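The next block holds one structure in the form of structure tokens; read it before the comments.
What you see is a predicted model, and the numbers here were worked out from it, not measured in a lab. Sequence lines set the chain letters: A, B, ... in the order given, protein chains first and strands last, and positions in each chain run from 1.
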Amino acid sequence: GENVEQHPSTLSVQEGDSAVIKCTYSDSASNYFPWYKQELGKRPQLIIDIRSNVGEKKDQRIAVTLNKTAKHFSLHITETQPEDSAVYFCAAKPGFQKLVFGTGTRLLVSP
Amino acid sequence: SAVISQKPSRDICQRGTSLTIQCQVDSQVTMMFWYRQQPGQSLTLIATANQGSEATYESGFVIDKFPISRPNLTFSTLTVSNMSPEDSSIYLCSVALSSYEQYFGPGTRLTVT
């Protein structure tokens, strides 16, 4: 089955810096790659996603890139702000099968 | 997205008892899921709740321990049976509005003493 690895497990940046979180997947049938942000005590929130027919997608300060050949995808956050501090989860979905989540990255943005 | 609610939001239960968690969505959805999230961990799928048929359980989860109901396209329940302290966790329901996007409820924080 699908396996998703996520790195780093923790990431500390200064406010205004960029942050990059990387994930790799194993199943070449995966065609959907969402990213979730989970603030402390809150539900995971879908913040951006990408489908396999697209290489990059941007939404204001966040962007996701996908390299199908290498089977990896990344979340890029520019001009980080303290409110970006949270745990971020990547996931991959092979066809109509279940979402498989990464292990999460704790992002800390210091003022 | 959809408005997803869960009841209760939290509970403290004694070992050996059962708790039923409810999940309500404001629109009809085909796919509903139940997840468990241990503190500081990722999301683990317990089962997919199918309307009109038995739930589909993931490896390591069984119907006797986690019975699920899905009486219609907007509602599901998860029961955590014969609880032990190891069942202390956050339980989240989730819905898929399409073949892709999936959204989560606010979660139920369960503590078993």
Side-chain angles (χ1 to χ4, degrees), chain A residues 1-10 21 23-25 29-54 57 59 64 66 73 75 85-108, chain B residues 1-10 21 23-26 29-50 55-61 68 78 88-111:
Chain A
E2 175 63 281
N3 181 54
V4 178
E5 295 189 355
Q6 183 171 348
H7 300 280
S9 56
T10 58
I21 302 170
C23 290
T24 60
Y25 62 99
S30 287
N31 59 0
Y32 176 64
F33 307 90
W35 286 88
Y36 289 85
K37 174 185 180 182
Q38 187 174 30
E39 297 175 81
L40 190 62
K42 300 289 181 67
R43 74 185 80 189
Q45 181 185 8
L46 179 64
I47 56 171
I48 195 167
D49 56 11
I50 192 168
R51 301 188 190 182
S52 59
N53 58 346
V54 176
K57 184 177 179 180
D59 183 3
V64 57
L66 171 65
F73 57 112
L75 178 70
S85 296
V87 178
Y88 291 80
F89 293 99
C90 65
K93 189 174 188 298
F96 293 102
Q97 298 181 42
K98 63 181 182 180
L99 269 180
V100 177
F101 286 87
T103 49
T105 296
R106 185 173 302 276
L107 173 64
L108 177 61
Chain B
S1 60
V3 177
I4 308 169
S5 60
Q6 279 185 240
K7 289 182 189 179
S9 58
R10 59 178 62 227
I21 303 167
C23 179
Q24 179 78 51
V25 192
D26 69 341
V29 296
T30 304
M31 306 289 284
M32 293 183 78
F33 309 89
W34 288 98
Y35 287 82
R36 183 170 73 183
Q37 187 175 33
Q38 307 277 27
Q41 301 294 313
S42 186
L43 299 145
T44 301
L45 181 63
I46 297 171
T48 301
N50 304 309
T56 305
Y57 289 84
E58 296 299 307
S59 175
F61 298 96
I68 287 171
L78 169 75
S88 296
S89 189
I90 296 173
Y91 292 85
L92 298 130
C93 72
S94 178
V95 304
L97 299 188
S98 70
S99 298
Y100 299 101
E101 292 87 358
Q102 197 168 314
Y103 298 91
F104 286 86
T108 296
R109 182 179 296 272
L110 171 63
T111 302

Residues that Tyr36(A) engages under ring-ring contact (aromatic ring centres under 6.0 Å, His included), provided they are two or more places apart: Phe101(A), Phe104(B)

Most contacts with chain A, counted as non-hydrogen pairs under 4.5 angstrom, among Arg109(B), Gln37(B), Met31(B): Gln37(B)

Would you say that Lys98(A) contacts Thr48(B) through its side chain, given a criterion of any heavy-atom pair below 4.5 Å between the two side chains? no

Proximity breakdown for Gln45(A) and chain B, heavy-atom pairs closer than 4.5 Å: neither

Which distance, rounded to the nearest 0.5 Å, do you find between the CZ of Arg43(A) and the OH of Tyr35(B)? 15.0 Å

Tell me, side chain or backbone of Leu43(B) under 4.5 Å from chain A's heavy atoms, or both, or neither? both

Check: Ser42(B) side chain, Gly102(A) main-chain N or O, donor-acceptor pair, under 3.5 Å: yes

Taking the side chain as every heavy atom from C-beta outward, state whether Pro44(A) and Leu92(B) have any atom pair closer than 4.5 Å. yes

So which part of Gln41(B) gets closer than 4.5 Å to some heavy atom of chain A, the side chain, the backbone, both or neither? backbone

Any sub-3.5 Å donor-acceptor pair from Lys93(A)'s side-chain atoms to Ser99(B)'s backbone N or O? yes

